Amino acid sequence: APGKKPFSGHLHPLTLVQRKIEEIFQSMGFSVVEGPEMETEWYNFDALNIPKDHPARDIWDTFYLKNGLLLRTHTSPVQVRYMERNQPPLKIIAPGRIYRHEATDASHETNFYQIEGLMVGKDISIANFKAVIQEFFQIFFNKPIEIRMRPSFFPFVEPGFEVDMKGEKGWLEMMGAGMVHPNVLKAAGLNPKFLQGFAFGIGMDRLAMMKYKINDIRLFYSGDLRFLNQF
C-alpha cells in the first residue's frame with residue numbers, strides 16, 4: 001500500500017518577504033549587512049545625531065538592559081557600523097529584528113522587523129532615492145506604483161521625508177527616509193564635505209501585511225498553524 005504523504009513545512013510569511021526584499025535590492029547592487037540586536041547607546045542614538053538630552057529619544061520606547069546595553073530600536077546602528085569599516089561608495093540594506101516598549105494592538109508589536117537602506121557616494125541625490133524605491137515597490141508588488149514624498153523629521157537625516165504609496169483606498173504611508181545628516185557621516189568617520197547619501201527604513205511586517213492582505217500584525221508572532229499553513 002502507498003505510504004502516507006509526509007507533512008512538509010514551509011516558510012513563514014516574514015521570511016518569504018525578507019527573501020524577496022533582499023533579492024530585489026541585491027539585483028540593484030546592494031549588499032545585505034547585519035548587526036547585533038543588543039546595542040550600545042552610542043550606535044543606537046549618539047552616532048545617529050540623537051544626543052542624551054534630545055527629545056527624539058522619547059519617541060523610541062527603549063528596552064534598557066542591566067549590562068548597560070539596550071535592545072536596538074531600529075536597524076540604523078548597522079549603517080554606522082558599516083560606514084566605520086568600509087569606504088564609499090556604499091550600497092547596503094540592513095534587515096533585522098528591532099524592539100520597542102509599546103502596547104500591542106493590530107498594528108503595533110514590541111518586536112518587529114525592519115529593513116534599513118543606505119547609499120553613500122559623491123553625487124547621490126534624492127532623485128536616486130526616488131528611482132530606487134519606485135523600482136523596489138514595482139517589483140515587490142508586481143505592478144506599476146505611484147509614490148509621493150512628504151517633508152518629515154528624523155534626527156539622522158536632513159531633509160527628511162515620509163514616502164507614501166498610492167493604494168486602492170488612497171495614499172498609504174510606507175517608510176521614513178532622507179538625506180544622511182552630516183553629523184552621522186562624521187560620527188562614522190566620513191567627510192560630509194565630499195560625500196552625501198540617502199537612508200530609508202521600511203517595516204517588513206507592514207509590507208507582508210499588504211502583500212498577503214493580513215490585517216493584524218500579531219498573527220505573525222502567534223505561532224498559530226492555521227494562519228501559517230496558508231502560505
Side-chain angles (χ1 to χ4, degrees), residues 21 24-25 28 30 44-62 72-80 83 88 90-95 98 100 102 107-108 112-138 140-141 144-188 190-207 209-210:
I21 294 170
I24 297 169
F25 279 108
M28 292 193 255
F30 284 73
N44 197 77
F45 290 124
D46 300 290
L48 292 163
N49 202 32
I50 314 171
K52 264 217 170 5
D53 50 359
H54 197 294
R57 284 219 183 182
D58 302 338
I59 302 173
W60 291 280
D61 295 323
T62 311
R72 65 180 178 191
T73 55
H74 40 192
T75 49
S76 310
V78 181
Q79 299 181 13
V80 181
M83 286 191 282
L90 310 171
K91 280 164 85 173
I92 63 163
I93 57 165
I98 64 171
R100 308 243 173 115
E102 53 188 329
S107 59
H108 294 92
F112 45 101
Y113 284 83
Q114 192 181 32
I115 288 215
E116 296 269 339
L118 174 75
M119 186 170 178
V120 176
K122 277 202 177 79
D123 312 305
I124 307 297
S125 70
I126 293 176
N128 298 123
F129 166 73
K130 197 171 179 189
V132 164
I133 290 307
Q134 182 112 33
E135 176 78 354
F136 165 69
F137 282 143
Q138 296 192 155
F140 185 82
F141 290 109
I145 294 286
E146 198 183 330
I147 61 172
R148 70 175 184 191
M149 302 191 316
R150 286 177 294 110
S152 186
F153 172 77
F154 304 99
F156 28 84
V157 290
E158 180 57 45
F161 30 85
E162 300 273 0
V163 181
D164 299 336
M165 183 177 95
K166 197 160 197 180
E168 290 150 23
K169 297 175 183 168
W171 292 95
L172 291 157
E173 193 180 293
M174 294 303 294
M175 66 167 84
M179 297 302 285
V180 180
H181 198 291
N183 289 351
V184 176
L185 294 172
K186 274 187 206 153
L190 299 179
N191 189 339
K193 277 203 177 82
F194 308 112
L195 292 165
Q196 56 188 42
F198 63 75
F200 60 86
I202 321 176
M204 221 185 302
D205 307 67
R206 183 91 186 253
L207 285 173
M209 287 166 83
M210 289 176 70

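Values below: all heavy atoms of this structure, side chains included; hydrogens, waters and symmetry mates excluded. This structure is a prediction, so every number in the text was calculated from the model and none was measured.
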Salt bridge (charged side-chain N to carboxylate O under 4.0 Å, His left out) contacts in which one or both residues fall within residues 152-163, not counting sequence neighbours: none
Show the nearest heavy-atom pair for residues [X] and [Y], with the distance to one decimal.
X	Y	result
Met179	Ile124	CE-O, 3.3 Å
Pro88	Leu195	CG-CD1, 3.6 Å
Thr62	Phe45	OG1-CZ, 3.5 Å
Asp46	Pro51	OD1-CA, 3.9 Å
Phe200	Ala177	CB-CB, 3.7 Å
Leu172	Gly167	CD1-CA, 4.4 Å

Could you check whether any side-chain heavy atom of [X] comes within less than 4.5 Å of a side-chain heavy atom of [Y], counting everything from C-beta outward?
X	Y	answer
Ile145	Phe140	no
Gln79	Phe156	no
Ile98	Phe112	yes
Lys186	Pro192	yes
Leu207	Phe137	yes
Val120	Met83	yes
Ile126	Pro159	yes

Can you tell me how far [atom2] of [Y] sits from [atom1] of [X], rounded to the nearest 0.5 angstrom?
X	Y	atom1	atom2	answer
Ile202	Ile21	CD1	CD1	6.0 Å
Asn44	Thr75	CG	OG1	10.0 Å
Leu48	Asn183	CG	CG	11.0 Å
Lys91	Phe30	NZ	CZ	5.5 Å

Please answer whether the main-chain N or O of [Y] pairs with a side-chain N or O of [X] as donor and acceptor at a distance below 3.5 Å.
X	Y	result
Arg206	Glu173	yes
Gln138	Pro144	no
Arg100	Thr73	yes

Phe154/His74 aromatic ring centres below 6.0 Å: no
Side chain to side chain contact (heavy atoms under 4.5 Å, CB included) partners of Asp123, counting only residues at least two apart: none
Arg148: partners by side-chain hydrogen bond (donor to acceptor under 3.5 Å, both in side chains), with sequence neighbours left out: Asp164
Plane angle bin for Phe136 and Phe25 - parallel if under 30°, tilted between 30 and 60°, otherwise perpendicular: parallel
